[in-house]
Amino acid sequence: MKEKLLQRYSAAERINHWIVAICFVLLALSGLALFYPAFFWLTGVFGTPQLARMVHPFVGVLMFLGFFRQFFRYWRRNLINSQDIQWMLAVKDVLRGHETVEVGKYNGGQKAMFWIMTLCVAVMLVTGIIAWRQYFSGYFPIPVIRLALLLHAWAATALIASIIVHVYAALWVKGTIRAMVEGVVTHAWAKKHHPGWYKEMMGKK
């Protein structure tokens, strides 16, 4: 019997997501290599330390542009409401596999993650520009650059931790990876994990 499927993400959305994801991996590796001496060996992934330092900010700009596109595509769906608060309070039941709230396209955890990532990316963009030696750092005093580098590292650490949680959750909830690879989910998956969105899609049909 052929399984019934719902489209969750279009091809354009999936391509955008994976561009941002690839940029993030490159930035995380090069950033850790440049900031923490213990990880300096990671610069070998890019050939040389000099090349890693040169490429890092350009990849950062590309990731920001990709995330910027995602932000304006999804921000309305990620506004936190009373149902999301209920979902967060009932997260123990969710972890046991019991949805107690009629979740829309995104649950409270996904929405919180969206805004954490947005804040981290915004901080990293501003601080990264301030510290970008070839083009912008000359316009700022040394104490400001030092503070920018510190905030950049904090935001990067928070973003890396958030992405780890994001990936773990995607692997833990069976069927989620398929949504971002093939763009579709089963009716059963949608009805179980996002019943509000499922009803919305059925109403459109």
Side-chain angles (χ1 to χ4, degrees), residues 1-25 28 63-125 155-205:
M1 181 178 177
K2 189 176 180 181
E3 59 183 353
K4 295 181 179 180
L5 300 174
L6 285 174
Q7 183 174 38
R8 187 159 172 84
Y9 297 110
S10 67
E13 290 176 295
R14 300 197 305 277
I15 291 170
N16 195 144
H17 172 273
W18 291 113
I19 287 174
V20 172
I22 291 169
C23 287
F24 167 78
V25 171
M63 188 184 85
F64 169 75
L65 292 175
F67 190 86
F68 182 81
R69 182 72 184 92
Q70 286 183 320
F71 176 83
F72 283 98
R73 179 179 277 148
Y74 301 131
W75 74 270
R76 288 185 180 84
R77 288 274 194 177
N78 281 279
L79 294 175
I80 295 175
N81 55 40
S82 59
Q83 284 190 326
D84 299 317
I85 303 299
Q86 292 176 33
W87 185 93
M88 293 176 186
L89 293 174
V91 70
K92 287 185 178 180
D93 293 325
V94 175
L95 292 174
R96 295 190 188 103
H98 305 295
E99 289 286 353
T100 58
V101 179
E102 193 165 279
V103 178
K105 189 166 186 178
Y106 303 110
N107 61 43
Q110 290 170 313
K111 290 181 178 182
M113 189 69 68
F114 175 84
W115 292 110
I116 290 171
M117 290 180 182
T118 298
L119 177 62
C120 289
V121 170
V123 171
M124 291 172 66
L125 174 72
T157 302
L159 183 61
I160 290 171
S162 299
I163 294 296
I164 290 172
V165 173
H166 176 67
V167 172
Y168 178 79
L171 293 171
W172 181 63
V173 181
K174 188 177 179 182
T176 303
I177 296 294
R178 182 181 187 180
M180 198 47 75
V181 174
E182 300 177 26
V184 296
V185 295
T186 64
H187 281 235
W189 184 94
K191 193 172 183 179
K192 178 180 179 180
H193 299 292
H194 299 270
W197 176 68
Y198 175 74
K199 289 181 180 179
E200 177 188 334
M201 295 302 289
M202 291 299 97
K204 286 181 180 180
K205 286 193 174 184

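Under the 3.5 Å distance criterion, the side-chain polar atoms of H194 are left unmatched by any main-chain donor or acceptor of V103. In this structure, the side chain of E182 does not engage the main chain of A179 through any donor-acceptor pair within 3.5 Å. A donor-acceptor pair is defined here as one N or O able to donate and one able to accept, closer than 3.5 Å; such a pair exists between the side chain of N16 and the backbone of G66.
In this structure, H166 NE2 and I116 CD1 are separated by 12.5 Å, a value rounded to the nearest 0.5 Å. The distance from the SG atom of C120 to the CG atom of L125 is 13.0 Å, given to the nearest 0.5 Å. In this structure, CE in M113 is found 11.5 Å from CG in N78, a value given to the nearest 0.5 Å.
For the pair R8 and W197, the distance from NZ or CZ to the six-membered ring centre is under 6.0 Å and the angle to the ring normal is within 45 degrees.
Between V185 and G175 the shortest heavy-atom distance is CG1-O, 4.2 Å. Residues A112 and M88 share a closest heavy-atom pair of CB-CE, 4.1 Å. Closest heavy-atom contact between E200 and R77: OE2-NH2, 2.8 Å. Contact detail for M202 and H187: the closest heavy-atom pair is CE-CE1, 3.5 Å. When all heavy atoms of M63 and C23 are compared, the closest pair comes out as CB-CB, 3.6 Å. Closest of all the heavy-atom pairs between A155 and V123 is CB-CG1, 3.8 Å.
Looking at V184 and L6, their side chains never come closer than 4.5 Å, going by heavy atoms from C-beta outward. The shortest side-chain heavy-atom distance between I163 and M117 falls under the 4.5 Å cut-off. Side-chain atoms of Y198 and K192, non-hydrogen and from C-beta on, never get closer than 4.5 Å to each other. Put simply, the side chain of F24 reaches to within 4.5 Å of the side chain of L159, judged on heavy atoms. You'll find the side chain of R69 stays beyond 4.5 Å of the side chain of V20, heavy atoms only. Side-chain atoms of R14 and V181, non-hydrogen and from C-beta on, never get closer than 4.5 Å to each other. Side-chain contact between L5 and T186 is present, with heavy atoms from C-beta onward closer than 4.5 Å. Taking the side chain as every heavy atom from C-beta outward, Q86 and L89 never approach each other to under 4.5 Å.
More than 12 heavy atoms of other residues, nucleotides or ligands shown are found within 6.0 angstrom of OH on Y9. Annotation: K191, atom NZ; neighbour count of heavy atoms from other residues, nucleotides and ligands within 6.0 Å does not exceed 12.
The aromatic rings of W115 and F71 lie perpendicular to each other, with more than 60° between the two planes, well past the 30° mark.
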Set out, in order, the CA-CA distance, both residues' side-chain angles and the distance that settles side chain to side chain contact (heavy atoms under 4.5 Å, CB included) for F68 and V121, then state yes or no. CA-CA 9 Å; F68 182 81; V121 170; over 6 Å; no

Does the pair W18 and M180 meet the rule for a side chain to side chain contact (heavy atoms under 4.5 Å, CB included), with working shown? CA-CA 9 Å; W18 291 113; M180 198 47 75; 3.8 Å; yes

Starting from the C-alpha separation in whole Å, work towards a yes-or-no answer on side chain to side chain contact (heavy atoms under 4.5 Å, CB included) for T118 and W75. CA-CA 10 Å; T118 298; W75 74 270; over 6 Å; no

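Applying the salt bridge (Lys or Arg N to Asp or Glu O under 4.0 Å) test to every pair with at least one member in residues 109-123, sequence neighbours left out, gives these pairs: D84-K111.
There is a side-chain donor-acceptor pair under 3.5 Å between Y74 and E13.
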